[in-house]
Amino acid sequence: MNIRRSAAALAAATVVLGAAVPAVAATPSPTPSVAIPDGLYGTTDPTYDGVWRQSLALLAQRTTGVTPADRAVAWLTGQQCATGAFAAFRADTAKACDAKLMVDTNSTAAAVQALAALGGHQAETGKAVTWLKSVQNADGGWGYTPGGASDANSTSVVAGALAAAGQQPAQAKKAGKSPYDALVELSVPCDKDGGGAFAYQPDKKGGLAANADATAAGVLGALGKGFVTTAGKTSAASTCDSATAATPSGLARNGAAYLAGAVADNGYLKSALPGAEDQPDYGNTADAVVALAAQGATEQAAKPLAWLEQNSAAWAKQSGPAAYAQLIFAAHATGADPRHFGGADLVAQLDATGPTPQATTKATDQAADADADADKKDDSDSGYGVWWIVGVFLVAGVGIGFLISGRGRKQQP
């Protein structure tokens, strides 16, 4: 679901192998190779993640009652090609998109989710959805780029986009296959190692290796939900059940069971580059929280959420808008307050990475409080008492090959 590989890795995979790779959030660089456009969130090179991080930022703002700056929304809509597709980043939007521009399903689907939430962008989302359907694979899924082999992450983010646009993912079929059919083929059988999890893609021999990132995305895809969701009906994730593994609900439940087991011991997921020591994977952990909550496994989501509250501040500050958005999505899914997340105001921190928003629900509530106090004072002076109640409203598969899969890190519980 998210993009957390280095720009260098993406470039290497694209140039050296010509592989279709999922969108990534570029590792922060002190010297971006391109100028940061006006209206874009974040200060790192947007070449590989501009549309993705902007979409997540705007979606997270909308989720927390923030009205984004007009120029921030205009920047995103201005990235769209005439076909309806989005590329990771277009430096020159005055130039029409051509065959040399690599458009992708992840950027397009993320933009759909953001613009649908903001409202008033039916033309843009309609064209994007039409394009997404036009590049659906015969197995019912989507690859990162048109014609690329289906993967769990791309299939799931597109399913979330379809749902955000008011469509039923199950009705999006190619050659009689829906996204759910593709996800079934990417789900690790219960009697195999990592049973219940999703693989990013099959390996060269058709084998499936459990991938935490793909699993978090796959759970949401199976549920027909996007990045933003609230907790589902309580349904404790326990063990993989092969009897229902071919159904959307069974796929989601089995995937959640795998994630619950992966975070049970220390509260976070791990990842490592080849040859490097295992490191906590903050982004995947945040995604796991969202997936667990969406499935209704709120009890299992509590431990990784608490771990993120205590440990994710430095990661989010370094990683930027998309990271803040992921944490906001995790807080929102579990009913936590993103404005008081481990002592930090994630909403304010996200807002500070880009154009000043037009308004926020919080600001509106504060203004209402001030008005209420003034009215109370006036009424008190004239002998009347008034009670005001102000409501506050509340973001490669493992072992398949670092460059080929594009997920770029081995993930472990």
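From a predicted model like this one, the values you see are computed outputs, not experimental measurements.
- When all heavy atoms are compared, the tightest approach of A286 to Q326 is CB-O, 4.0 Å.
- At least one side-chain heavy atom of K133 sits less than 4.5 Å from a side-chain heavy atom of L162.
- A 4.5 Å side-chain heavy-atom check between T145 and T105 finds every atom pair outside the cut-off.
- One side chain, S107 or D104, offers a donor N or O that lies under 3.5 Å from an acceptor on the other.
- With Y258 as the fixed residue, the side-chain contact (heavy atoms from CB on, under 4.5 Å) test singles out one of N211, V219, T215: T215.
- In summary, the side chains of T44 and R53 do present a donor paired with an acceptor at a separation below 3.5 Å, with no hydrogens or angles considered.
- Using a distance-only test at 3.5 Å, with no hydrogens or angles considered, no donor-acceptor pair links the side chain of D181 to the main chain of K177.
- At a cut-off of 3.5 Å, with distance as the only test, no side-chain donor of Y324 or Q61 sits close to an acceptor on the other residue.
- Of the possible donor and acceptor atoms, none in the side chain of Q79 sits under 3.5 Å from a partner among the backbone N and O of F86.
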Q: Using the side-chain contact (heavy atoms from CB on, under 4.5 Å) rule, take T244 and D241 through it: C-alpha gap first, then chi angles, then the decisive distance, then the call.
A: CA-CA 6 Å; T244 60; D241 181 5; 3.7 Å; yes
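- A donor-acceptor pair shorter than 3.5 Å cannot be found between the side chains of Q295 and K225.
- The residue from V347, D351, T67 that alone fulfils the side-chain contact (heavy atoms from CB on, under 4.5 Å) condition with P357 is D351.
- Here the closest heavy-atom approach between residue L269 and residue A262 is recorded as CD2-CB, 3.5 Å.
- Remark: D265 CG is loosely packed, at most 12 non-hydrogen atoms of other residues, nucleotides or ligands lying under 6.0 Å away.
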Q: Show your working on side-chain contact (heavy atoms from CB on, under 4.5 Å) between V51 and W75 and close with a plain yes or no.
A: CA-CA 9 Å; V51 167; W75 184 89; 4.3 Å; yes
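- Expressed to the nearest 0.5 Å, how far OG1 of T64 lies from CG of L346 amounts to 9.5 Å.
- Residues D98 and L101 have side chains in contact (heavy-atom distance under 4.5 Å, counting atoms from C-beta outward).
- Within the 4.5 Å cutoff, no side-chain heavy atoms of V263 are placed close to those of Y268.
- In D191, the CG atom is crowded: over 12 heavy atoms of neighbouring residues, nucleotides or ligands sit closer than 6.0 Å.
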**Q.** Residues W52, F227; criterion ring pair (Phe, Tyr, Trp, His ring centres under 6.0 Å); working and verdict
**A.** CA-CA 12 Å; W52 179 273; F227 300 143; 5.5 Å; yes
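- The NZ atom of K174 sits 10.0 Å away from the CG atom of D139 when rounded to the nearest 0.5 Å.
- In plain terms, the two heavy atoms of V290 and A333 that are nearest each other are CA-CB, 4.1 Å.
- At distances below 3.5 Å, at least one donor-acceptor pair connects side-chain atoms of Q358 with backbone N or O atoms of P68.
- Side chain of Q54 to main chain of A72: a donor-acceptor pair is present (N/O by atom type, distance under 3.5 Å, no hydrogens or angles).
- The side-chain heavy atoms of P321 and L56, taken from C-beta on, include no pair separated by under 4.5 Å.
- Between the side chain of T353 and the backbone N or O of Q349, no donor-acceptor pair lies under 3.5 Å.
- Summarising the geometry, atom OG belonging to S242 is positioned 8.0 Å from atom CG belonging to N254; distances are rounded to the nearest 0.5 Å.
- Inter-residue side-chain proximity for W315 and P280 is flagged as unmet; no heavy-atom pair is nearer than 4.5 Å.
- Annotation: the span from T125 atom OG1 to Q80 atom CD amounts to 8.5 Å, rounded to 0.5 Å.
- A side-chain donor-acceptor contact under 3.5 Å links T334 to the backbone of A331.
- Closest heavy-atom contact between Q136 and A172: NE2-O, 3.0 Å.
- Annotation: the span from T155 atom OG1 to Y200 atom OH amounts to 9.5 Å, rounded to 0.5 Å.
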**Q.** Pair S150-N137, side-chain contact (heavy atoms from CB on, under 4.5 Å): steps then yes or no
**A.** CA-CA 7 Å; S150 297; N137 291 329; 2.9 Å; yes
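- K270 places no side-chain N or O within donor-acceptor distance of the main-chain N or O of D281, the cut-off being under 3.5 Å.
- Proximity of L308 to V289: side-chain heavy atoms (C-beta onward) are separated by under 4.5 Å at one or more points.
- Annotation for V188 and A199: closest pair CG2-N, 4.4 Å, computed over non-hydrogen atoms.
- Considering NZ of K303 and CD of Q300, their distance stands at 11.5 Å, rounded to 0.5 Å.
- The main-chain N or O of G250 is found under 3.5 Å from a side-chain atom of T247 such that the two form a donor-acceptor pair.
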Q | Chi angles and distances behind the side-chain contact (heavy atoms from CB on, under 4.5 Å) call for L327, Y282 | A | CA-CA 9 Å; L327 294 175; Y282 303 88; over 6 Å; no
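- Looking only at distances, no side-chain donor or acceptor of Q310 sits under 3.5 Å from a matching main-chain atom of G342.
- The main-chain N or O of D151 is never found under 3.5 Å from a side-chain atom of S154 such that the two would form a donor-acceptor pair.
- Looking at F198 and S156, their side chains never come closer than 4.5 Å, going by heavy atoms from C-beta outward.
- Closest of all the heavy-atom pairs between L186 and A152 is CD1-N, 3.4 Å.
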